[in-house]
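Within every chain, numbering begins at 1; the chains are lettered A, B, ... in the order of the sequence lines, protein sequences first and strands thereafter.
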2 protein chains.
Amino acid sequence: MATGRTHRPATRSRGIPEATVARLPLYLRALTALSERSVPTVSSEELAAAAGVNSAKLRKDFSYLGSYGTRGVGYDVEYLVYQISRELGLTQDWPVVIVGIGNLGAALANYGGFASRGFRVAALIDADPAMAGTPVAGMPVQHTDELEKIISDNGVSIGVISTPAGAAQQVCERLVAAGVTSILNFAPTVLSVPEGVDVRKVDLSIELQILAFHEQRKAGEDAAHEGPVPPVSAKQQRKGPDGDVPAVMPA
Amino acid sequence: MATGRTHRPATRSRGIPEATVARLPLYLRALTALSERSVPTVSSEELAAAAGVNSAKLRKDFSYLGSYGTRGVGYDVEYLVYQISRELGLTQDWPVVIVGIGNLGAALANYGGFASRGFRVAALIDADPAMAGTPVAGMPVQHTDELEKIISDNGVSIGVISTPAGAAQQVCERLVAAGVTSILNFAPTVLSVPEGVDVRKVDLSIELQILAFHEQRKAGEDAAHEGPVPPVSAKQQRKGPDGDVPAVMPA
DNA sequence: GCCTGTGAAGACATTCACAGCA
DNA sequence: TGCTGTGAATGTCTTCACAGGC
């Protein structure tokens with residue numbers, strides 16, 4: 001995962017549920033692939049399969065955008081690509097700065113998925129003076145001192161933070177002060193931002209931890225051989241010293 | 001965001017809601033920081049602030065794990081670190097392989113957050129023979145031919161895919177065939193896996209698109225402008241009851 | 001008095017199932 | 001006939017608010 005909005009009471013962003021917004025990019029990707037293969041129309045069933053969701057959900061999602069399908073036929077691929085792009089705001093160009101050009105920042109700078117979606121990397125910024133001028137992804141790295149100027153000169157409203165955790169909050173504050181109102185944070189720390197600024201986070205290790213949780217559970221399953229059986233075991237009342245019931249068993 | 005399980009009908013793996021599981025790593029990170037500062041106990045209010053959630057939610061989350069707090073006092077930091085670690089399966093060692101050692105793979109290999117959480121990078125694998133032997137993060141890159149052997153020799157059950165999209169599904173199949181049952185996918189593609197295999201995905205551009213959606217809304221209540229006109233492609237009339245002029249205008 | 005633990009209420013999200021239209 | 005669009009039902013998550021133990 002990688003998720004996490006900050007503030008913004010809930011949904012309401014104009015009637016489109018947040019969960020739906022989060023899936024639109026997924027649909028868009030699947031549709032773009034179909035478009036490249038010159039597929040003219042697609043049914044909710046097919047598109048849902050390509051996007052990895054179920055078809056009722058997809059239809060409901062699209063219904064929030066309007067009635068863009070044709071009963072008995074399906075959806076026009078090109079038309080839907082356009083509508084979703086517009087809804088997501090991808091028909092305009094979004095200049096983005098990436099702050100913190102380590103391995104991850106370089107990976108982001110090189111990532112093709114940005115440019116193809118309306119995002120333009122306006123600058124790469126790093127605090128290390130030794131990096132200044134070094135080209136990364138065909139673009140010279142600029143020093144943090146230039147941050148404010150870069151943002152205002154380019155009208156940047158979206159910033160990506162890929163610095164070490166310790167530097168993230170400070171970078172965040174400078175970005176916000178300079179006019180950035182949306183931040184994608186890769187640093188493993190919670191950013192605090194003023195009202196009106198959106199933060200989303202991607203934490204590489206959190207995803208692995210969630211997988212580990214499920215993995216652990218799989219490993220323990222042969223013991224009990226499932227079944228609607230003896231459950232509960234309990235209101236968990238393990239309190240006391242760390243003692244008891246170590247992990248493995250469903251308890 | 002970046003999220004997304006595959007299959008697993010729904011939810012609740014043992015009584016702990018999926019949404020709660022996804023937050024445990026967050027709490028763990030906050031608690032670890034407190035632990036390093038030798039803070040002995042913490043209230044739900046304080047910990048919630050540090051983790052960026054609200055306190056009722058945090059208490060509810062913890063209540064699924066058991067009764068680990070003390071009324072009138074709060075939670076014992078060390079004890080809670082242990083309990084959450086155990087719940088997540090981090091008290092054991094998880095060997096992990098990373099397939100696809102480009103910028104992103106290298107960033108992952110160098111990422112300190114793994115080792116400190118019970119994940120051990122067992123091998124770095126890449127399809128490019130020219131990379132074989134090259135050290136990345138102090139570890140030689142191995143060729144894809146070795147994939148099956150590496151997995152079985154190391155008892156790897158978690159794989160990370162950071163290859164280009166085109167290679168991901170095939171890599172995924174080889175991982176699964178070799179015994180991997182949890183996959184973290186960074187490639188922008190939907191993986192299909194057999195029942196029993198968990199997939200989580202992180203898509204860098206999806207997060208940006210979600211930010212763009214909200215950003216667009218902030219900037220534009222000026223409604224009618226929008227230069228580009230719908231791409232031809234379809235004469236498709238947007239029909240619909242109220243069906244015209246969907247997006248842009250808030251109703 | 002203070003802070004946890006938790007029923008109950010409410011908000012949100014997903015899924016079902018079918019009416020309605022091409 | 002086939003597939004969309006959508007109310008209604010169901011399921012999940014969050015928040016409230018307060019009982020209960022320290």
Expressed as a whole number of angstroms, how long is the span from [X]:[atom1] to [N]:[atom2]?
| X | N | atom1 | atom2 | value |
| --- | --- | --- | --- | --- |
| A:Asp61 | C:dT15 | CG | P | 11 Å |
| B:Ile16 | D:dC13 | CD1 | P | 12 Å |
| B:Leu24 | D:dC13 | CG | P | 13 Å |
| A:Glu18 | C:dA11 | CD | P | 18 Å |
| A:Glu46 | D:dG2 | CD | C1' | 12 Å |
| B:Leu80 | C:dC3 | CG | C1' | 15 Å |
| B:Arg59 | C:dC2 | CZ | C1' | 11 Å |
| B:Leu58 | D:dC16 | CG | C1' | 16 Å |

Would you indicate which nucleotide in [options] comes nearest to any side-chain atom of [X]?
| X | options | answer |
| --- | --- | --- |
| A:Ser43 | C:dT14, D:dT4, C:dT4 | D:dT4 |
| B:Arg71 | D:dT14, C:dC3, D:dT4 | C:dC3 |
| A:Lys57 | D:dT15, D:dC3, C:dT15 | C:dT15 |

Is the phosphate of [N] approached by [X] (side-chain N or O, under 4.0 Å from OP1 or OP2)?
| X | N | result |
| --- | --- | --- |
| B:Tyr68 | C:dC3 | no |
| B:Tyr75 | C:dG5 | yes |
| A:Thr70 | D:dT4 | no |

Touch class at under 4.0 angstrom, heavy-atom based, for B:Phe62 against every strand present: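 Since no nucleic acid heavy atom lies under 4.0 Å of B:Phe62, the category is nothing.
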Residue closer to the 5' end of DNA chain D, B:Lys60 versus A:Glu45 (nearest nucleotide):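 Per heavy-atom nearest nucleotide, the more 5' residue is A:Glu45.
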Residue met sooner reading DNA chain C from 5', once A:Asn54 and B:Ser44 are mapped to nucleotides: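 It is B:Ser44 whose nearest nucleotide is closer to the 5' end.
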Sole residue of B:Gln216, B:His214, B:Gln209 in side-chain contact (heavy atoms from CB on, under 4.5 Å) with A:Leu88: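 Result: among B:Gln216, B:His214, B:Gln209, B:Gln209 is the only option passing the side-chain contact (heavy atoms from CB on, under 4.5 Å) with A:Leu88.
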Side-chain H-bond candidate by donor/acceptor type, B:Arg117 with A:Ser205, under 3.5 Å: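 There is no such pair between these side chains.
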N/O donor-acceptor pair under 3.5 Å between B:Glu46 side chain and B:Ser43 backbone: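 It does hold such a pair.
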Lys NZ or Arg CZ of B:Arg217 over B:Phe213 ring: under 6.0 Å, within 45°: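 B:Arg217 over B:Phe213 ring: yes.
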B:Tyr82/B:Glu78 under side chain to side chain donor-acceptor pair (under 3.5 Å): CA gap, chis, key distance, verdict: CA-CA 6 Å; B:Tyr82 170 73; B:Glu78 295 300 328; over 6 Å; no
